[in-house]
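Each remark here refers to the structure printed beneath this line.
So you know, we letter chains A, B, ... as the sequences are listed, proteins then strands, and number each from 1.
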Amino acid sequence: MKTQKFKRPLAWACLIGLLSVTNLTAQDGKLTEDEAFFYEEFDESAGVYDPFESVNRFIFKYNDYVFSNTLQPLVDTYTAITPDTVEEGASNFFNNLRYPVRLASNLLQGRFKGAWIETGRFAINSTVGIVGILTPADDYESLAPIESEDVGQVFGAWGIGEGPYLVLPFFGPSNLRDLAGLFGDRAINPIKEPFSMIDDWEWEWQFATFSADYISRSPQIIERYKQLKGSSIDPYSSLKNGYTQYRRGAVSE
Amino acid sequence: MKFLSYKAYLVLGLLLVVSVSAQELQKEKLQGMIDATLDVIYSQTHASLSANEKQAQVREKIESSYDLDVMIRYAIGKNWRRMNEQEQLEVLELVKQLVLKAYVTGLEGKDRPSVTFGELTEIGKARIEIESTMVLDMKTYYILYRLRQMDSGWQIYDIVAENVSMSSNYRGQIDDHFRKGSGADLIARLKDLLAKDEINEDTKI
């Protein structure tokens, strides 16, 4: 009994002592940890290989000039004169046309569920949705929109490295792998050369289709670009880092 | 001794519950802060405020809950040591102003976004992540808030929007700057950016 009486306070003292020591150590550790925390390295920014920086910066400035002085006024006019529903319809229509690229990219990555969802959406939107202008597939929970896949992501999923960072005229940020992917996308796309399924397609029509597609996508792109540029210390560096993080995230997902 | 062990477990269990609840409280605190900043930008009572006044009020709302210095220091990283004390303070203040300006001007003129908070995940020692979804202009954005327990309490150290970490993005820019530039150049650049009304003013080839 005596021993038990003695043991109880001793055990409590040990427990309280242990908790205080743990707390003190944590407090003590945190003081130095806070400072160390500020200096820790990021995983996401583990280097962007940019050997062509001077050329890239020049093309970036050129694109920036074109965006601000040509595309921006064009987009402003387009959004001003086009009702929101028409704008959305045009964007949906061109997005629906890119279905073969998304299908192939899902299949090539073994994403069969993604391929199924894309096919279901394409079937419903192309028919009930009047050639893809409307998106009635959104009403089906099992066909909710998924992240868009492309050939660049396929290459990434296959383990092909990004290669050097590139800025493409008009297209903006990219890298060697995504540039190859861009050619892959065009090869799969049935309305784009070199394997267009439309015979005797005059260049004027091709240009008109390309321009309409480009402009219908531009309001979103311009908006995001403006956001990024507005909060950047160095817009070139910000876009390079943002693009790389975004693509790495898309590939890893 | 058996009785004692039971009590000890109870104490430890209680401590665990308190710790979990404290983390959950962070979600409410974050949500409250976001709502308060959106009120400044969108509510009718603040409609007459100028852009600068709105930025000041948004800053006040954020700083009443979080220390903005933490996120900026984390974004600056090791480059902090490349600046003298005066430059460090000035850079902290100017980056703060730049971020707030981008936040307020980025949302102005648009419909108020709806923000929904999701899961809270513990991602390491004294670190948590809070998921959120923001619907703005009929588009859905996934935003992740990363918080760490500092000496000053739980602080936001990173915001990840659509896979792009804000702190990492600024770190990349600041790293690139210090490859060729100095702290004084960075201050000049930040002042230049803040002086511009339109972000496209410097577009020249």
Side-chain angles (χ1 to χ4, degrees), chain A residues 4 7-8 11-12 15-16 19 26-27 30-31 33-35 37-45 48 50 53 58 61-62 64-69 72 84 88 145 220 223-224 226-250 252-253, chain B residues 1 3-5 7-8 11-12 15 70 73-78 80-81 95 98-99 101-103 105-106 125-127 137-140 148-152 157-158 160 162-177 186 189-190 193 196 198-205:
Chain A
Q4 209 177 1
K7 269 182 182 173
R8 215 176 264 179
W12 273 107
L15 178 66
I16 292 162
L19 288 172
Q27 288 287 333
K30 257 189 236 164
L31 288 172
E33 276 174 19
D34 271 15
E35 201 58 29
F37 165 72
F38 291 131
Y39 300 126
E40 76 177 22
E41 294 296 334
F42 288 108
D43 288 339
E44 296 98 322
S45 68
V48 181
D50 189 9
E53 186 174 342
F58 179 80
K61 279 192 174 180
Y62 171 76
D64 191 43
Y65 182 83
V66 173
F67 268 36
S68 311
N69 297 288
Q72 174 81 65
D84 286 352
E88 210 186 324
Q220 285 174 37
E223 187 58 37
R224 286 188 185 192
K226 274 169 70 177
Q227 274 276 330
L228 192 90
K229 201 179 154 190
S231 57
S232 299
I233 296 164
D234 176 356
Y236 170 81
S237 182
S238 176
L239 198 62
K240 175 175 76 175
N241 181 286
Y243 175 80
T244 307
Q245 278 196 61
Y246 178 76
R247 291 298 286 177
R248 283 177 188 169
S252 68
E253 273 171 10
Chain B
M1 195 66 191
F3 174 68
L4 180 65
S5 303
K7 277 197 174 174
V11 171
L12 288 171
L15 284 172
V70 170
R73 280 283 319 263
Y74 189 64
I76 293 171
K78 286 176 182 163
W80 184 254
R81 290 175 180 149
V95 174
L98 184 71
V99 172
K101 187 181 173 186
Y103 178 67
T105 52
K125 195 187 167 197
R127 290 184 202 208
D137 283 350
M138 293 187 296
K139 300 259 171 328
T140 306
R148 183 182 187 273
Q149 191 165 30
M150 313 287 289
D151 290 336
S152 54
Y157 69 93
D158 196 8
V160 184
E162 300 285 304
N163 283 331
V164 179
S165 146
M166 197 170 144
S167 296
S168 171
N169 192 276
Y170 275 104
R171 175 84 66 97
Q173 292 178 64
I174 296 169
D175 280 351
D176 276 358
H177 172 85
L186 181 62
R189 173 75 187 141
L190 286 164
L193 280 168
K196 285 182 169 68
E198 288 294 325
I199 54 170
N200 290 328
E201 271 180 22
D202 61 346
T203 306
K204 291 186 199 105
I205 295 182

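Using the six-membered ring where Trp is involved, A:Phe37 and B:Tyr74 have ring planes that are parallel, under 30° apart on the 30 and 60° scheme.
Distance CD/A:Gln245 to CD/B:Glu162: 12.5 Å, rounded to 0.5 Å. Atom-to-atom distance recorded for B:Asp175:CG and A:Ser237:OG is 8.0 Å, nearest 0.5 angstrom.
Residue contact with chain B, scored on non-hydrogen atoms closer than 4.5 Å, involves the backbone and the side chain of A:Ser232 alike. Only the side chain of A:Glu88 comes within less than 4.5 Å of a heavy atom of chain B; its backbone N, CA, C and O stay farther away.
Put simply, of B:Ile76, B:Asn169, B:Asp176, the one with the most heavy-atom pairs under 4.5 Å next to chain A is B:Asn169.
Taking both residues in full, the closest heavy atoms of B:Arg171 and A:Phe38 are given as NH2-O, 3.6 Å, listed atom of the first, atom of the second, then distance.
By the side-chain contact (heavy atoms from CB on, under 4.5 Å) test, A:Tyr246 is found to be paired with A:Glu147, B:Val164, residues two or more places apart in sequence or in another chain being considered. The side-chain contact (heavy atoms from CB on, under 4.5 Å) check on A:Ile233 picks up B:Leu98, B:Tyr170, B:Gln173, B:Ile174, B:Leu186, B:Arg189, B:Leu190, with sequence neighbours excluded.
Using a 4.5 Å cut-off on side-chain heavy atoms (C-beta onward), B:Arg148 and A:Asp34 make contact.
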